[in-house]
Amino acid sequence: MAKWADFIISAVRYDSSGTHIKALKVHVDDGRAHMPRGSIWTFEDVAREILNGHTFITTVRDPNEEGEYAPGAFVHLTLRTHQDKSRKDNLTNLPQF
């Protein structure tokens, strides 16, 4: 398999409320034909590596291939406020400095 990114994410774990990612199963993309053994990273670990310029992509098993993985979507960081009834505290409405 050709190298897709620096790292591949194959699974996620959410917090108890099911709304925020707590941990991810991450594999180093070595460009070989097999899925390398993964390790568990925190959300903060992945965010730090993205900010340091490393690329991440998701993967899913390809139903047309016998258990092979297919590339998914590239992973990016987004800073946003939680959607609630008030718009006055959204990032876009805060004073600029």
Side-chain angles (χ1 to χ4, degrees):
M1 115 180 145
K3 188 169 175 161
W4 299 335
D6 296 317
F7 299 97
I8 302 168
I9 297 173
S10 64
V12 296
R13 180 180 303 143
Y14 288 90
D15 64 8
S16 59
S17 68
T19 58
H20 293 90
I21 295 173
K22 183 176 178 179
L24 304 97
K25 187 167 186 182
V26 177
H27 311 259
V28 174
D29 188 348
D30 60 10
R32 296 186 185 176
H34 67 284
M35 179 63 67
R37 184 179 186 101
S39 58
I40 305 303
W41 290 27
T42 65
F43 174 85
E44 291 78 10
D45 293 335
V46 172
R48 182 177 47 254
E49 291 304 315
I50 290 173
L51 291 172
N52 285 331
H54 291 102
T55 56
F56 287 77
I57 193 168
T58 62
T59 189
V60 293
R61 288 198 183 261
D62 187 340
N64 298 321
E65 300 289 329
E66 295 179 15
E68 294 295 320
Y69 287 90
F74 281 96
V75 178
H76 305 280
L77 292 179
T78 302
L79 182 64
R80 61 185 170 96
T81 53
H82 182 75
Q83 185 176 355
D84 59 15
K85 294 179 183 177
S86 174
R87 295 182 85 103
K88 67 181 178 182
D89 60 355
N90 290 350
L91 289 171
T92 56
N93 292 324
L94 293 178
Q96 296 183 29
F97 65 94

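These values consider heavy atoms only, across backbone and side chains, with no hydrogens, waters or symmetry-generated copies. Every value quoted in this text rests on a predicted model; they were computed, and no experiment measured them.
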Residue set satisfying side-chain hydrogen bond (donor to acceptor under 3.5 Å, both in side chains) with Thr19, at least two apart, ordered chain then number -> Ser17
Roughly how far, to the nearest 0.5 Å, is the CD atom of Glu44 from the OG1 atom of Thr42? 4.5 Å
ILVMFWY clustering at 4.5 Å (side-chain atoms), partners of Ile40: none
On a heavy-atom basis, the closest approach of Ala70 and Thr59 is O-OG1, 2.7 Å
Any non-hydrogen side-chain atom of Ile50 less than 4.5 Å from a side-chain atom of His76? no
Report yes if some heavy atom in the side chain of Glu49 is under 4.5 Å from a heavy atom in the side chain of Trp41; otherwise report no. yes
Do the non-hydrogen side-chain atoms of Trp4 and Phe56 ever get within less than 4.5 Å of each other? no
Under 4.5 Å between side-chain heavy atoms, counting indirect links through other Ile/Leu/Val/Met/Phe/Trp/Tyr residues: same cluster for Val46 and Tyr14 or not? yes
Out of curiosity, does Leu51 fall in the hydrophobic cluster containing Phe74 (side-chain heavy atoms, cut-off under 4.5 Å, transitive links)? no
Ile57 and Val60: same hydrophobic cluster, using ILVMFWY side-chain contacts below 4.5 Å? no
To the nearest 0.5 Å, how far apart are CZ in Arg61 and OH in Tyr69? 3.5 Å
Donor-acceptor list for residues 5-13 side chains, cut-off 3.5 Å, not counting sequence neighbours:
from  : atom 1 : to    : atom 2 : distance (Å)
Asp6  : OD2    : Thr55 : N      : 2.8
Asp6  : OD2    : Thr55 : OG1    : 3.3
Ser10 : OG     : His27 : NE2    : 2.7

Gap separating the CG atom of Asp29 from the CE atom of Met35, nearest 0.5 angstrom: 8.0 Å
